[in-house]
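Both backbone and side-chain heavy atoms feed into the values below; hydrogens, waters and symmetry mates do not. Computed from a predicted model, the values in this text were never measured in an experiment. Each ligand, and each atom within it, is numbered from 1 in the order the structure gives. Along the sequence shown, residues are numbered consecutively beginning with 1.
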Amino acid sequence: MRLKDKVAIVTGGASGIGEASVRAFADEGAKVVIADFAERGQEVSDELNAAGYDTLFVKTDVTSESQTKHLIEKTVEKYGRLDIMYANAGIAKDAPAAELSYEQWKQTIDINLSGVFLSDKYAIEQFQKQGGGGTIVNAGSIHSFVSLPNPTAYSAAKGGVKLLTQNLCTAYAKEGIKVNAICPGYIETPLLKEVDEAGLNHLKSLHPEGRLGRPEEIAKAVVFLASDESSFINGTTLLADGGYTAQ
Ligand SMILES: NC(=O)C1=CN([C@@H]2O[C@H](COP(=O)(O)OP(=O)(O)OC[C@H]3O[C@@H](n4cnc5c(N)ncnc54)[C@H](O)[C@@H]3O)[C@@H](O)[C@H]2O)C=CC1
Ligand SMILES: CC(=O)C(C)=O
């Protein structure tokens, strides 16, 4: 029960790594707000509440400033406070730069970087209002560190998330606010649904473990970063990548 009675928001909590983290947070005793623009967030919440957990779905587009403010308001209205923000929502539609439309570039930067900024900004405002600090985990990636030809906007956004995480640590650590990023290798989630079998085999071969990660493996690392077990870990990144960046 490492998150007993903590109030957590998971953006992008309706699928993949976010959904696995919602379940892991709830198992650790947290009250969890699932923030997603996909209606499936309600199904996940209903299922968990029927099993005795305490969760809430707030339909949210993380690129909307007003919806992000509304997310924090609904969280505080229901649970009285906010302790953990996991800014996880993201997309991965990309192409080498010459083939990437400016519209697609902007959409990726909007969701994967500006969405993280908005989630963090309004979480920090709430932490300051209630006092006593708080914890943020941001969605980075191996592509916060290394790239490939295809993930152009994605790498720019994830590189930005890494430095945003460092920046927020330097600005708010004195207020008891802890800000870290989780940086997975390739993980079996719907994000990779457009990759064919040959592509998936290639991605597997890029990891020394010779396999993709599972969402639950990332969720365990996120629980560690969100909990007091990581009390002196601030402004850093936790690579959970089966050795991808060790090569
Ligand atoms: N699957 C992978 O291989 C890796 C994923 N990541 C990152 O982990 C995070 C989660 O990815 P997955 O679980 O794999 O993806 P996923 O596609 O399974 O889940 C992403 C969730 O984010 C939601 N979402 C997307 N745009 C949104 C928006 N504007 N507002 C609210 N919700 C939005 C989607 O509806 C979906 O429920 C992303 O930030 C991704 O970049 C990082 C490294 C590897
Ligand atoms: C596929 C992906 O989203 C990665 C590795 O960040």
Side-chain angles (χ1 to χ4, degrees), residues 9-24 33-45 57-68 70-71 85-94 104 106-120 137-162 164-165 181-195 199-200 202-204 206-207 211-219 221-222 225 237-245:
I9 292 175
V10 180
T11 74
S15 173
I17 297 169
E19 181 183 342
S21 301
V22 167
R23 293 175 188 278
V33 179
I34 302 165
D36 204 299
F37 61 17
E39 296 291 349
R40 188 179 141 63
Q42 188 64 62
E43 286 169 39
V44 176
S45 175
F57 172 57
V58 181
K59 189 171 169 141
T60 311
D61 182 339
V62 297
T63 67
S64 160
E65 186 165 15
S66 61
Q67 288 185 34
T68 305
H70 176 253
L71 166 65
M85 168 62 77
Y86 177 22
N88 160 77
I91 60 165
K93 287 184 204 141
D94 224 326
Q104 188 59 59
K106 284 192 284 193
Q107 191 194 11
T108 299
I109 298 294
D110 235 24
I111 298 175
N112 292 12
L113 180 56
S114 305
V116 172
F117 166 72
L118 286 176
S119 301
D120 291 359
V137 182
N138 289 328
S141 161
I142 47 174
H143 297 314
S144 300
F145 295 86
V146 292
S147 196
L148 288 170
N150 204 55
T152 305
Y154 190 88
S155 302
K158 295 298 185 184
V161 166
K162 176 178 182 288
L164 173 64
T165 299
I182 180 76
C183 293
Y186 283 84
I187 310 300
E188 285 170 9
T189 75
L191 198 80
L192 301 184
K193 63 179 181 287
E194 279 161 29
V195 183
L200 287 175
H202 175 63
L203 290 178
K204 285 178 193 171
L206 297 177
H207 298 73
R211 66 175 181 98
L212 303 183
R214 293 184 298 278
E216 296 72 23
E217 294 180 293
I218 304 307
V222 175
L225 288 178
T237 46
L238 176 53
L239 279 154
D241 67 357
Y244 188 109
T245 51

Peer 1: Would Ser141 count as a polar contact of ligand 1, with the cut-off being nitrogen or oxygen pairs under 3.5 Å?
Peer 2: no
Peer 1: Considering only heavy atoms, does Ile142 approach ligand 1 within less than 4.0 Å through its side chain, its backbone, both, or neither?
Peer 2: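 Neither; no heavy atom under 4.0 Å.
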Peer 1: Can a non-hydrogen atom of Leu192 be found less than 4.0 Å from any atom of ligand 2?
Peer 2: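 Judged by the 4.0 Å heavy-atom criterion, Leu192 does count as contacting ligand 2.
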Peer 1: Measuring from atom 20 (C) of ligand 1, which candidate in Ser21, Ala157, Gly90 has the nearest non-hydrogen atom?
Peer 2: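 Minimum heavy-atom distance to atom 20 (C) of ligand 1 goes to Gly90.
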Peer 1: Nearest protein heavy atom to atom 4 (C) of ligand 2, by residue and atom, and its distance?
Peer 2: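 The closest one turns out to be Tyr154 OH, 3.4 Å.
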Peer 1: Atoms of ligand 1 less than 4.0 Å from Pro190 heavy atoms?
Peer 2: 18 (O)
Peer 1: Below 4.0 Å, non-hydrogen atoms only: which portion of Thr189 touches ligand 1? Side chain, backbone, both or neither.
Peer 2: side chain
Peer 1: Using a heavy-atom cut-off of under 4.0 Å, does the side chain or the backbone of Ala89 touch ligand 1, or both, or neither?
Peer 2: both
Peer 1: Does at least one non-hydrogen atom of His143 fall below 4.0 angstrom from an atom of ligand 1?
Peer 2: no
Peer 1: Quick one: nearest non-hydrogen protein atom to atom 24 (N) of ligand 1, plus distance?
Peer 2: Phe37 CE1, 3.7 Å
Peer 1: Is any N or O atom of Asp61, backbone or side chain, closer than 3.5 Å to an N or O atom of ligand 1?
Peer 2: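 It does: an N or O of Asp61 is found under 3.5 Å from an N or O of ligand 1.
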Peer 1: With heavy-atom distances below 4.5 Å as the criterion, would you say the side chains of Glu19 and Val10 are in contact?
Peer 2: no
Peer 1: Which protein non-hydrogen atom lies closest to atom 22 (O) of ligand 1, naming both residue and atom, and how far is it?
Peer 2: Gly12 CA, 3.4 Å
Peer 1: Is there a polar contact, in the sense of an N or O pair closer than 3.5 Å, between Asn88 and ligand 1?
Peer 2: yes
Peer 1: Which atoms of ligand 2 sit under 4.0 Å from any heavy atom of Leu191?
Peer 2: 3 (O)
Peer 1: Pro184 to ligand 1: N or O pair under 3.5 Å?
Peer 2: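 No - when backbone and side-chain N and O of Pro184 are compared with those of ligand 1, no distance drops under 3.5 Å.
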